[in-house]
Amino acid sequence: MDQATFEGLLADFQQQCSSAHNLPDLTALAGHPDAPVIVLIHGIGGNARHWADPVSIDASSTWLFDMNKQPSSGTQGIGSSPPYDEGSVTSWTTFLHDNGCNVITWSLTHPDDLIQPSVQEAADVLTDLEQRVFVPFAQDVATNGGDVPPLIILCHSRGGLVTRGALKQLGAGGVPHLRKVITLCTPHSGSYMPRLANDYNTALSNNLDLSSLAHNLPGPLRHMIGDHITPIFNELANRVREALLHTFGTLSQGPGFMELDPESDMMRSLVQDEQPLPGVQYYGFAGSRPAFIQFFLCEFGHTVHLLETASPWLVEQIAKIPGIGGNFGGLEELAQGDSAVGLSRSQWPAAFGAPHQVFPVNHMQALVDSPLQNAVLETIRA
């Protein structure tokens with residue numbers, strides 16, 4: 001199929017699907033007709049800009065911070081890791097399109113609600129894509145020769161669960177051109193972080209005394225702040241509490257987040273009678289860096305590192321609370337995960353036979369990490 005005809009198919013799909021399902025920011029970026037068509041499905045509480053330009057979003061909405069930088073000069077009191085600078089990273093949309101891929105994105109209309117509306121929305125988009133792009137493409141190939149490009153779904157976080165639900169609903173007959181499903185930091189067997197963050201916010205934080213971190217301060221600085229040290233560490237405690245509520249990027253409260261609990265009805269229903277689709281390959285990529293923000297004390301010209309959330313020290317302190325390990329899965333998300341998803345829970349169910357690759361990123365850094373992007377591109381092209 002020639003470029004102009006293919007671009008026309010994608011434009012028709014974008015217009016008709018957007019209108020039919022009220023998806024105002026659905027976008028279909030045309031690459032090469034023989035390149036994969038990649039559908040991007042974002043995570044809980046997110047939107048299409050997480051794929052297209054996450055750095056441009058207010059960091060209070062993404063909690064995507066540059067862990068390699070300190071607070072800006074002039075910061076007073078408790079400072080934290082700053083957001084990434086504009087242009088310092090490449091978004092997934094740009095990366096994939098620059099490599100010739102065709103990219104389809106949209107914002108789920110119920111991003112932090114129960115999962116089922118998003119499952120239906122994804123099923124609707126995939127159905128329209130098959131009918132408006134792949135069917136006419138296959139007809140052209142039957143007449144003029146060539147190959148139909150593969151359909152690939154790339155998901156971040158809960159987007160992987162949305163995809164699993166949609167494919168379970170559609171079955172193989174609903175997505176005959178699907179060849180690969182790739183997930184990034186997806187809680188395939190759930191996450192305890194929404195429950196832990198909620199309980200920490202309401203009760204558990206009272207069990208921690210962060211003032212013991214004062215020994216990290218240089219003696220002269222401790223002396224200068226004197227009586228102000230208690231309010232400073234009270235502020236730090238509040239900042240840590242707020243941080244743990246944002247391990248998924250957005251504020252992890254609400255029915256959609258509670259569904260991610262490994263023992264929820266949604267998680268049980270998802271795996272019931274679920275089978276991999278024939279002819280489809282599944283891949284999982286995970287993060288192993290729980291830390292996603294650092295806190296500093298900025299006083300009298302000094303910038304002193306206080307705490308990393310989540311750090312081994314913080315995990316150790318939380319683990320000392322009676323019953324914490326059994327109630328929250330051993331704190332795997334914070335001890336050996338990406339801050340939101342534990343390493344073991346980021347793996348596809350065994351029946352899918354999915355390779356599992358691990359990168360030193362936190363949950364939101366998966367949206368901007370260059371080595372991860374290159375590894376996924378290799379998987380797409382394989």
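Small disclaimer: the values here were computed from a predicted structure and weren't measured.
Residue pairs satisfying the salt bridge (Lys or Arg N to Asp or Glu O under 4.0 Å) criterion with at least one member in residues 151-176, sequence neighbours excluded, are listed as follows: R164-E274.
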Before giving the answer on side-chain contact (heavy atoms from CB on, under 4.5 Å), spell out for T109 and N22 the whole-Å C-alpha distance, their side-chain angles and the decisive distance to 0.1 Å.
CA-CA 9 Å; T109 55; N22 192 27; 5.8 Å; no

Quick one, H21 with L26, criterion side-chain contact (heavy atoms from CB on, under 4.5 Å). Give me CA distance, side-chain angles, the key distance, then yes/no.
CA-CA 10 Å; H21 305 294; L26 186 144; over 6 Å; no

Please report the C-alpha distance between L96 and V376 in whole Å, then the side-chain angles of each, then the deciding distance to 0.1 Å, and finally whether the side-chain contact (heavy atoms from CB on, under 4.5 Å) criterion is met.
CA-CA 10 Å; L96 293 171; V376 170; 5.6 Å; no

For L331 and L196, what are the C-alpha separation, side-chain angles and deciding distance, and is it a side-chain contact (heavy atoms from CB on, under 4.5 Å)?
CA-CA 9 Å; L331 300 178; L196 174 61; 3.6 Å; yes

Give the C-alpha distance, both sets of side-chain angles, the deciding distance and a yes or no for side chain to side chain donor-acceptor pair (under 3.5 Å) between E333 and T247.
CA-CA 9 Å; E333 288 85 357; T247 51; over 6 Å; no

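Distance alone, capped at 3.5 Å, places no donor-acceptor pair between the H356 side chain and the W348 backbone. No donor-acceptor pair closer than 3.5 Å links the side chain of Q347 to the backbone N or O of H188. Distance alone, capped at 3.5 Å, places no donor-acceptor pair between the D58 side chain and the S61 backbone. In this structure a side-chain-to-backbone donor-acceptor pair under 3.5 Å is missing from R195 to M258. The closest donor-acceptor contact from the side chain of S118 to the backbone of L114 lies at 3.5 Å or more, if one exists at all. With N102 contributing its side chain and P36 its backbone, the two residues share a donor-acceptor pair below 3.5 Å. No side-chain donor-acceptor contact under 3.5 Å links Q70 to the backbone of T303. Using modelled atom types, one side-chain atom of T127 and one backbone atom of A123 make a donor-acceptor pair closer than 3.5 Å. N198 places no side-chain N or O within 3.5 Å of a backbone atom of Q253 that could act as its donor or acceptor partner. Checked by atom type and distance alone, the side chain of S19 never pairs as donor or acceptor with a backbone atom of Q16 at under 3.5 Å.
The ring-ring contact (aromatic ring centres under 6.0 Å, His included) check on Y283 picks up nothing, with sequence neighbours excluded. Every residue two or more places apart in sequence or in another chain that forms a side chain to side chain contact (heavy atoms under 4.5 Å, CB included) with E86 is listed here: D53, V55, S56. Residues satisfying the side chain to side chain contact (heavy atoms under 4.5 Å, CB included) criterion with V280, sequence neighbours excluded, are L178, V181, L277, Y282. With sequence neighbours left out, the side chain to side chain contact (heavy atoms under 4.5 Å, CB included) criterion links S288 to L343, V358, P360. For W106, the ring-ring contact (aromatic ring centres under 6.0 Å, His included) test picks out no residue, with sequence neighbours left out. In this view, H110 satisfies the ring-ring contact (aromatic ring centres under 6.0 Å, His included) rule with no residue, not counting sequence neighbours. With sequence neighbours left out, E242 forms a salt bridge (Lys or Arg N to Asp or Glu O under 4.0 Å) with no residue at all. In this structure H177 satisfies the ring-ring contact (aromatic ring centres under 6.0 Å, His included) test together with F134, sequence neighbours excluded. Scored by the side-chain hydrogen bond (donor to acceptor under 3.5 Å, both in side chains) test, S311 finds no partners at all (sequence neighbours excluded). Residues passing the side chain to side chain contact (heavy atoms under 4.5 Å, CB included) test with D273: none are found, sequence neighbours excluded.
Judged purely by distance below 3.5 Å, without hydrogens or angles, the side chains of E378 and N374 never pair a donor atom with an acceptor atom. Side-chain N/O atoms of H363 and S157 include a donor and acceptor closer than 3.5 Å. With 3.5 Å as the limit, one finds a donor-acceptor pair spanning the side chains of S107 and D25. Checked by atom type, the side-chain pair H305/Q294 shows a donor-acceptor distance below 3.5 Å. In the model, N201 has a side-chain atom that pairs as donor or acceptor with a side-chain atom of R241 under 3.5 Å. Q373 and T90 share no side-chain donor-acceptor pair at under 3.5 Å.
Annotation: side chain of L372 is in contact with side chain of W92 (closest heavy-atom distance under 4.5 Å). Looking at heavy atoms from C-beta onward, N47 lies in side-chain contact with I57 at the 4.5 angstrom threshold. Taking 4.5 Å as the limit, every side-chain heavy atom of V103 sits out of range of all side-chain heavy atoms of W51. Contact check for C17 versus R132: no side-chain heavy atoms found under the 4.5 Å cut-off. In this structure, the side chains of M364 and N362 come closer than 4.5 Å at one or more pairs of heavy atoms. F328 places a side-chain heavy atom less than 4.5 Å from the side chain of L204. A heavy-atom distance below 4.5 Å is found between the side chains of Q281 and K180.
Side-chain heavy atoms closer than 4.5 Å link hydrophobic residues (I, L, V, M, F, W, Y) into clusters, and following such links, possibly through other members, connects M1 to V37. Clustering ILVMFWY residues whenever any of their side-chain heavy atoms sit less than 4.5 angstrom apart, transitively, puts I153 in the very cluster that holds L129. Cluster membership for L260 and V119, using ILVMFWY side-chain heavy atoms within less than 4.5 angstrom, is shared.
Across all non-hydrogen atoms, the minimal contact from P187 to L161 is O-CD2, 3.6 Å. The minimum heavy-atom distance linking G100 with A35 is given by the pair O-CB, 3.2 Å.
Between L184 atom CG and I41 atom CD1 the span is 12.0 Å, to the nearest 0.5 Å. Expressed to the nearest 0.5 Å, how far CD1 of I78 lies from CD of E235 amounts to 5.0 Å. The CG atom of D261 sits 8.5 Å away from the CZ atom of R268 when rounded to the nearest 0.5 Å. Expressed to the nearest 0.5 Å, how far OG1 of T94 lies from CG of N99 amounts to 11.0 Å. Between atom CG of residue L236 and atom CD1 of residue I232 there is a gap of 10.0 Å, rounded to the nearest 0.5 Å. Atom-to-atom distance recorded for S60:OG and L251:CG is 11.0 Å, nearest 0.5 angstrom.
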Could you list the donor-acceptor pairs under 3.5 angstrom formed by side chains in residues 3-13, with sequence neighbours left out?
unit_1: Q3; atom_1: NE2; unit_2: E7; atom_2: OE2; d: 2.9
unit_1: Q3; atom_1: NE2; unit_2: G31; atom_2: O; d: 2.7
unit_1: T5; atom_1: OG1; unit_2: D2; atom_2: OD1; d: 3.0
unit_1: T5; atom_1: OG1; unit_2: D2; atom_2: OD2; d: 2.9

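Sparse packing is recorded around CG of D265, with 12 or fewer heavy atoms of other residues, nucleotides or ligands lying under 6.0 Å away. Within a 6.0 Å sphere centred on CG of D147, other residues, nucleotides and ligands contribute 12 heavy atoms or fewer.
In this structure, W63 and F65 have perpendicular ring planes: the angle between them is above 60°, well past the 30° mark.
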